[in-house]
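Take a look at the structure set out below.
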Amino acid sequence: RVDTQRMTMSLSPSTALQLDDRVRFGFITGSTSPAGARRNVELAESAGYDSLWTGDHIAFPLPIHDPFVQLAQYAVLSDRLLLGTSVYLLPLRHPTVVAKQVASMDHLSDGRFIFGVGQGGEFPKEYEACSVPLGERGSRMSEALRILPRLWTGEEVSHSGKHFSFDSVCMRPATTRPGGPPIWCGARSEPALRRTGRLAGGYVSYAVTPSMFADALRVIEQAAESAGRLTAGLPFGTGHLLFAWIEDDPEVALDKATDHLSRRYAMDFRKAARKYAALGRPEDVAERVQAYLDQGVRHIIVDATGPGAERESQLERFGKEVIPLLRPAAA
C-alpha cells in the first residue's frame, strides 16, 4: 500500500534555489488536427492535469509538428492550462525570430507559457538542414538566452556577438510579464547545467534518475550563486519529463516502453527505459514519481511511452490513479 501522507508531504530538498511549494502535473503530446487538439485539452482538464507540453524537432524519426502552432490551438481551447515546450531547440533558430514567436505565445496564452529550451544534437541532420554547425550549439544557446529577455522589454535593443548582431531593434508588444515567460533549460552536461544556473529561470530534465537530478540541481545552484542570482530571490522552476506506462506486470510495461522509445530515438532503449521510466502498477509509478519530487522536481511532465492507440487511456489512468496518490485533493 502506498503511504500517501509521505508522498504528499515530502517536498524539502536541500537547495538554496527558491523552488515552488506546489507540485504540478502535465503531459507531453501532439495534435494532428483540431479534433485531436480538443481531445488533448479535454483529457488534461478532466483527468486533473495542470499543463500541456509539446516537443520540437525539424527532422525526427517519428512525425512531429511545430510546437508553437500546436500550443496556439491549446491556448484557444483552454483558459486554465499552462502550456510549455519540452524542449524547443533554440540554437537552430535566430533569437530575434524566436523572441517574436514567444512574445506572441505569451500574449495568446494570457501569460500561461513556459519556454523550455535545449540544444539537442542527437539528430545531426536537423542542424545540417538549418545550416547551423553542430559544434556551435552551446555558444549559440548562451548568446540567445542573453538576447531574448532584452527584446521582450519592448525597448530598443542593440547586440553585437559571436553569432548574432543587430542594431536598434524595438520589438513590440512587450511580453505580458516583465522579463518575459520563464525560460527552463534542458541540460545534461556540466557546462550546460552551469549555463542554466547563470541564465535560466528553471531546469527541465529527461532521462535522468532522481539522484542525477539532485546532482544537477547542485551544479545549477553553485552557478546561480556565483552569478549573484540567489540573492535576488528569484523563483526557480523545476520540471522532469518522465517516461511512464501503467501495467499490472512491470515487464509488459517495459516491453511497450522499449518498443516505442527505440523507434522514437532510433536506438535500443530497453536499458534506458528500465533505468529512467516509471513502470508498473499505479502505486509503483507513484513511488517513482515521489523519488523525483523528493529531490526538487515540482512539475512532472508525463510521457506515455507505449502504443499510440493506448496513450490517451494511459494519460487518463495516470491522472485519475497516480496524481491523487501524490497531491492532496485541495491543491
side-chain contact (heavy atoms from CB on, under 4.5 Å) between T29 and D303, worked out: CA-CA 8 Å; T29 187; D303 187 342; over 6 Å; no

For L145 against C185, the heavy-atom pair lying closest together: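 Shortest heavy-atom separation between L145 and C185 comes out as CD1-SG, 3.8 Å.
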
So how far is it from [X] [atom1] to [Y] [atom2], rounded to the nearest 0.5 Å?
X    : Y    : atom1 : atom2 : value
L52  : L81  : CG    : CG    : 5.0 Å
M171 : E156 : CE    : CD    : 13.0 Å
L315 : F27  : CG    : CZ    : 5.0 Å
E221 : L193 : CD    : CG    : 13.0 Å

Do [X] and [Y] meet the criterion of a side-chain donor-acceptor pair at a distance under 3.5 Å?
X    : Y    : result
T176 : D106 : yes
S78  : E45  : yes
Q119 : R195 : yes
S158 : D167 : yes
Q290 : D294 : yes
H260 : T305 : no
T238 : H299 : no

Working for side-chain contact (heavy atoms from CB on, under 4.5 Å), residues E316 and L43: CA-CA 7 Å; E316 185 172 17; L43 171 59; 3.8 Å; yes

CA sep, side-chain torsions, deciding dist, call: H107, T175, side chain to side chain donor-acceptor pair (under 3.5 Å): CA-CA 7 Å; H107 279 270; T175 51; over 6 Å; no

Pair K125-E128, salt bridge (charged side-chain N to carboxylate O under 4.0 Å, His left out): steps then yes or no: CA-CA 5 Å; K125 280 294 181 182; E128 179 183 327; 3.2 Å; yes

CZ/R80: more than 12 non-hydrogen atoms of other groups inside 6.0 Å: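 Yes - once you tally the heavy atoms of other residues, nucleotides and ligands closer than 6.0 Å, there are more than 12.
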
Salt bridge between [X] and [Y], side-chain N to carboxylate O under 4.0 Å?
X    : Y    : answer
R263 : D259 : yes
R194 : E190 : yes
R229 : E225 : no
K256 : E310 : yes
K162 : E143 : no
D21  : R298 : no

Does any non-hydrogen side-chain atom of [Y] lie less than 4.5 Å from one of [X]?
X    : Y    : answer
M267 : S262 : no
T209 : Y276 : yes
I246 : Q314 : yes
W184 : V117 : no
T54  : Y74  : yes
R177 : P182 : yes
L151 : T96  : yes
F25  : L326 : yes

Working for salt bridge (charged side-chain N to carboxylate O under 4.0 Å, His left out), residues R188 and E122: CA-CA 13 Å; R188 292 177 66 87; E122 299 92 343; over 6 Å; no

Parallel, tilted or perpendicular: rings of H94 and F166 (30°, 60°):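 Judged by the thresholds at 30° and 60°, the geometry between F166 and H94 is tilted.
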
F115 and F113 aromatic ring geometry - parallel, tilted or perpendicular at 30°/60° bounds: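 Aromatic pair F113/F115 classed tilted.
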
ILVMFWY cluster, V102 and L199 together (side-chain gap under 4.5 Å):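 The answer is yes; both residues are in one hydrophobic cluster.
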
From CA spacing to verdict: salt bridge (charged side-chain N to carboxylate O under 4.0 Å, His left out), E247, R317: CA-CA 10 Å; E247 292 277 355; R317 288 194 67 186; 5.9 Å; no

Other cluster members, V76 - Ile/Leu/Val/Met/Phe/Trp/Tyr, side-chain contacts below 4.5 Å: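 Direct or chained contacts put V76 with none.
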
Residues clustering with V97 (ILVMFWY side chains joined when closer than 4.5 Å, directly or via others):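 None; V97 is a cluster of one.
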
Partners meeting side chain to side chain contact (heavy atoms under 4.5 Å, CB included) with T153 (sequence neighbours left out):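 Once residues adjacent in sequence are excluded, the partners of T153 under the side chain to side chain contact (heavy atoms under 4.5 Å, CB included) criterion are E155.
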
Within the 6.0 Å centroid threshold, strictly below: H57 and F123: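 Yes, they do, as the ring centres are separated by less than 6.0 Å.
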
Ring center gap for F213 and Y203 short of 6.0 angstrom: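 Yes, close enough.
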
Ring-face cation contact, Y88 with R93, 6.0 Å cut, 45° max: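 Yes - R93 lies over the ring of Y88, closer than 6.0 Å to its centre and within 45° of its axis.
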
